[in-house]
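It should be emphasised that the depicted structure is a prediction, and the values quoted were computed from it without experimental measurement. Only heavy atoms go into these numbers, but all of them, side chains included; no hydrogens, no water, no symmetry mates.
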Amino acid sequence: MMLEKISSNYCFDGEQLRFRHDSEVLSCSMNFSIYLPKAAVRAIEEGLRTSFPTLYWLSGLTCTDENFVQKAGAQSIASELGLILIIPDTSPRGEEVPDDKAAAYDFGLGAGFYLNATEAPFNKHYQMYDYICHELPSIVEANFPINRDAQSIFGHSMGGHGALTIALKNAERFKSVSAFSPICATTNCPWGEKALSLYLGDNRKSWLEYDAAHLIRHSKNHIPMLIDQGSADDFLKDQLKPELLLAACQEAGYPVQYNLRPGYDHSFFFIASYIESHIRFHHEILTGSKIV
């Protein structure tokens, strides 16, 4: 598949890149960002047949692939540790892609919820689960030195929901998962109920495939999981509901490292404060320097 380079910036001796491509899965043009650490840049320049552990980041409501790249401060530690970062967009894009009629921030463009929509008119374009799990990986693995056997995933808010649900359903592929302020139980919060009903229809049973707390209760393969949540998050009580995920973990005997961070909110200031600890968490597992 042809990639059109949109931008390239030297960053911590690595390279921050942005590309555009035509997506068959989403039936539109899509952008994604990728950070190549200094070791990967050197390997490419020297023609070395070396691959690198990789982290997928999934962003939250209203974001594109650029928010994390510009605000999280992840490149420094990724370059130090030799990790590739892949940052997709949060939804399909384009004039032909249907949006919320009221242009609401929590549905439609910028709010793909990392699922495969079944309801018209959204089912033609909103196939973000397949895009993240299949199409985008095939593209980046064909064009960059990615180690297919050393991949993990993390995200924020809606992207935290996406990271958790995708990892839980693909535990054979992702070695670890982490999240900042994730939507923990989409079937039990206003954001989730709105999105799932419009994307998937009225059959609430089908919604459970995209509910992290439900998936944990039925998970057979336990991968390392880290969650950070700010105590001053305005969405904590009504939308995120980590207590439902923690209850599911306890019920299923699923080990999780959960940190409630006093005073932190839902913003990228929170993410930037703890991004290094998340990247180090994944690096230890992906490189085998930590026994789990």
Side-chain angles (χ1 to χ4, degrees), residues 56-61 106 111 113-116 129 132-133 152-197 199-200 202-267 270-271 273-274 277-278 281-282 285 290 292:
Y56 282 81
W57 169 269
L58 304 185
S59 294
L61 291 167
D106 56 356
F113 271 83
Y114 305 102
L115 50 73
N116 285 341
Y129 178 86
I132 299 297
C133 292
S152 293
I153 190 168
F154 63 153
H156 171 236
S157 193
M158 178 187 71
H161 139 77
L164 291 171
T165 55
I166 287 172
L168 287 164
K169 292 197 283 187
N170 297 272
E172 73 288 346
R173 175 182 166 195
F174 294 107
K175 306 303 180 185
S176 54
V177 61
S178 71
F180 292 86
S181 314
I183 303 172
C184 293
T186 50
T187 61
N188 286 283
C189 72
W191 278 341
E193 290 183 358
K194 176 181 178 178
L196 297 178
S197 64
Y199 286 134
L200 303 177
D202 296 331
N203 182 4
R204 295 182 70 96
K205 186 176 181 180
S206 68
W207 299 7
L208 295 173
E209 287 299 308
Y210 302 103
D211 184 298
H214 171 79
L215 292 173
I216 282 174
R217 287 190 173 89
H218 295 84
S219 175
K220 295 181 180 179
N221 297 317
H222 295 176
I223 63 173
M225 180 183 293
L226 166 65
I227 294 175
D228 272 296
Q229 172 63 58
S231 68
D233 192 320
D234 289 340
F235 304 112
L236 177 58
K237 180 180 178 181
D238 295 330
Q239 301 284 10
L240 306 180
K241 300 188 176 183
E243 69 277 5
L244 298 181
L245 185 140
L246 294 175
C249 286
Q250 184 174 11
E251 180 182 325
Y254 197 115
V256 58
Q257 180 181 337
Y258 176 77
N259 302 310
L260 183 63
R261 304 294 188 179
Y264 282 92
D265 58 19
H266 201 71
S267 71
F270 176 39
I271 296 171
S273 298
Y274 291 100
S277 65
H278 278 243
F281 165 79
H282 292 294
I285 295 162
K290 181 176 181 179
V292 295

One pair to check against side-chain contact (heavy atoms from CB on, under 4.5 Å): Ile216 and Val256. What are the steps and the verdict?
CA-CA 11 Å; Ile216 282 174; Val256 58; over 6 Å; no

Sequence neighbours excluded, which residues qualify as side chain to side chain contact (heavy atoms under 4.5 Å, CB included) partners of Glu193?
Arg204, Trp207

Side-chain donor or acceptor of Lys194 paired with backbone N/O of Asp106 under 3.5 Å
no

Give a yes or no answer on whether the side chain of Asp265 reaches the backbone of Ser267 with a donor-acceptor pair at less than 3.5 Å.
yes

Starting at NE2 of His278, measure out to CD1 of Ile227 and round the result to the nearest 0.5 Å.
9.0 Å

Quick one: does Glu209's side chain get under 4.5 Å of Leu115's, heavy atoms only?
no

Flag the pair Phe113 / Tyr210 as yes when their ring centroid distance falls below 6.0 Å, and as no otherwise.
no

When rounded to the nearest 0.5 angstrom, what distance separates CD1 in Ile183 from NE2 in His156?
9.5 Å

Here the pair of heavy atoms bringing Ala213 nearest to Ala248 is O-CB, 3.4 Å

I'd like to know if the side chain of Lys169 and the backbone of Leu215 have a donor-acceptor N/O pair within less than 3.5 Å.
no

Just by modelled atom types, is the Gly159 backbone N or O under 3.5 Å from a matching donor or acceptor in the Ser59 side chain?
no

According to ring-ring contact (aromatic ring centres under 6.0 Å, His included), does anything in residues 220-245 pair up with another residue at least two apart or in another chain? List the pairs.
Trp191-Phe235, His222-Tyr254, Phe235-His266

Check: Asn170 side chain, Arg173 main-chain N or O, donor-acceptor pair, under 3.5 Å:
no

Is it true that atom CG of Asp234 has more than 12 heavy atoms of other residues, nucleotides or ligands lying nearer than 6.0 Å?
no

Which distance, rounded to the nearest 0.5 Å, do you find between the OG1 of Thr165 and the OH of Tyr114?
10.0 Å

Working to the nearest 0.5 Å, report the span between OG of Ser231 and CG of Leu236.
8.0 Å

4.5 Å side-chain heavy-atom contact, Lys175 and Ser152
yes

In Å and rounded to the nearest 0.5 Å, what is the CD to CD distance from Gln229 to Glu243?
9.5 Å

When the ring planes of Tyr274 and Phe270 are compared, do they come out parallel, tilted or perpendicular, using 30° and 60° as the limits?
perpendicular

Just by distance, do the side chain of Ser219 and the backbone of Asn221 share a donor-acceptor pair under 3.5 Å?
yes

